[in-house]
Every structure is written in structure tokens, then in C-alpha cells.
Amino acid sequence: MSVKFEITKNDKGEFYFKLLNGDGKTLLRSEGYNAKTNCTNGVESVRKNAGDDKRYDMKTASDGRPYFNLKASNGQIIGTSPMFADAAACEAAVATTKAGAADAPVDDKS
């Protein structure tokens, strides 16, 4: 399944990126960045780190739903997934992220 990054800008002027699967569902989203350059650097960090199993931090929300964080080599969170219905869906999102992020195109909608 193909994936792509989408860069957007909110009404406060912050830039965000999402990694979307082929159906347009969010696999991973970033924090807000004040500068577009920092946002694109975040995309590059996801590309660099997504293939490494050690960069994924699996979590469980207070309501029991699983999600994950993708971390850079320095331990900083570079993206957070949405909450998933079950562990299998979360693991599938991790697998899709690993398989597609490195070569994913960027759709700049900012």
C-alpha cells in the first residue's frame, strides 16, 4: 500500500505533517512547527528512522486503545499515531509506516 506525507498549515501559522496510507487514513502525525523548514526536517527524520524497530514506542491510552510514537535516535518523539481499535490495527500501521515512509512523496498543502 502506498503512503504519502501531507504538510498543512493551521490558522495559527503552525506547520504539521501527517503520514497517510493509501486510503488517506493517518498513520502518524507531527507536532506543530513554527517554520516550514523544521516541518520538512521532521519528515526527513521520519524517513530516516521509520525502518528501525527500536524507534517505535508502543503505548496504551487510558481507555485501553493502543497507539505508537516514532522516536529519533536522540529519543525525541517525531510522530504520534492515532488511537487504534486493537493491537492488530496498531501493528499493521507500524508495518505500513516501516515499509513506506522512506520513499513516500510529500504533498505540500500549506
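Everything numeric in this text was worked out from a predicted model, so none of it was measured. Side-chain atoms are counted along with the backbone in the values below, which use heavy atoms only and exclude waters and symmetry mates.
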* Using the rule that two of Ile, Leu, Val, Met, Phe, Trp, Tyr join whenever any of their side-chain heavy atoms come within less than 4.5 Å, decide whether Leu20 and Phe84 are in one cluster. => no
* Considering all heavy atoms, the nearest Phe68-Leu28 contact -> CE1-CD1, 3.8 Å
* To do: Nearest 0.5 Å please: distance from the CZ atom of Phe17 over to the CG atom of Leu19.
  => 8.0 Å
* Structure fact -> Contacts of Glu44 meeting salt bridge (Lys or Arg N to Asp or Glu O under 4.0 Å) (sequence neighbours excluded), chain-then-number -> Arg47
* Asked: Say you draw a straight line from CZ of Phe15 to OG1 of Thr8; how long is it, rounded to the nearest 0.5 Å?
  -> 9.5 Å
* Excluding sequence neighbours, so at least two apart, what forms side-chain hydrogen bond (donor to acceptor under 3.5 Å, both in side chains) with Thr40? -> none
* Structure fact -> Closest non-hydrogen contact found for Glu14 with Tyr16 is OE1-OH, 3.0 Å
* Within residues 77-89 or reaching into it, pairs that qualify as side-chain hydrogen bond (donor to acceptor under 3.5 Å, both in side chains) - sequence neighbours excluded -> Asn69-Thr80
* Asked: If two hydrophobic side chains count as joined below 4.5 Å and joins carry through other members, does Val94 share a cluster with Met83?
  -> no
* Inspect the contact between Asp63 and Arg65 and indicate whether a charged nitrogen and a carboxylate oxygen are less than 4.0 angstrom apart. => yes
* Does Asn74 use its side chain to pair, donor to acceptor, with the backbone of Gln76 at less than 3.5 Å? -> yes
* Would you check if the side chain of Ser45 reaches a backbone N or O of Asn41 as a donor-acceptor pair within less than 3.5 Å? => no
* To do: Starting at NZ of Lys9, measure out to SG of Cys39 and round the result to the nearest 0.5 Å.
  => 11.5 Å
Would you list the atom pairs, donor with acceptor, under 3.5 Å between side chains in residues 102-109 and any protein atom, with sequence neighbours excluded?
| residue | atom | partner | partner atom | Å |
| --- | --- | --- | --- | --- |
| Asp107 | OD2 | Lys4 | NZ | 3.2 |
| Asp108 | OD1 | Ser110 | N | 2.9 |
| Asp108 | OD1 | Ser110 | OG | 2.5 |
| Asp108 | OD2 | Lys36 | NZ | 2.4 |
| Lys109 | NZ | Glu6 | OE1 | 3.4 |

* To do: For Ala85, check side chain to side chain contact (heavy atoms under 4.5 Å, CB included) against everything at least two apart and list the hits.
  => none
Taking distance alone, no hydrogens or angles, what donor-acceptor pairs closer than 3.5 Å link side-chain atoms of residues 50-60 to residues at least two apart or in another chain?
| residue | atom | partner | partner atom | Å |
| --- | --- | --- | --- | --- |
| Asp52 | OD1 | Lys54 | N | 2.9 |
| Asp53 | OD1 | Lys98 | NZ | 2.1 |
| Arg55 | NE | Asn49 | OD1 | 2.9 |
| Tyr56 | OH | Ala50 | O | 2.6 |
| Asp57 | OD2 | Lys59 | NZ | 3.4 |
| Asp57 | OD2 | Lys71 | NZ | 3.4 |

* Structure fact -> Between the OG atom in Ser30 and the CG atom in Leu70, the distance rounded to the nearest 0.5 Å is 11.5 Å
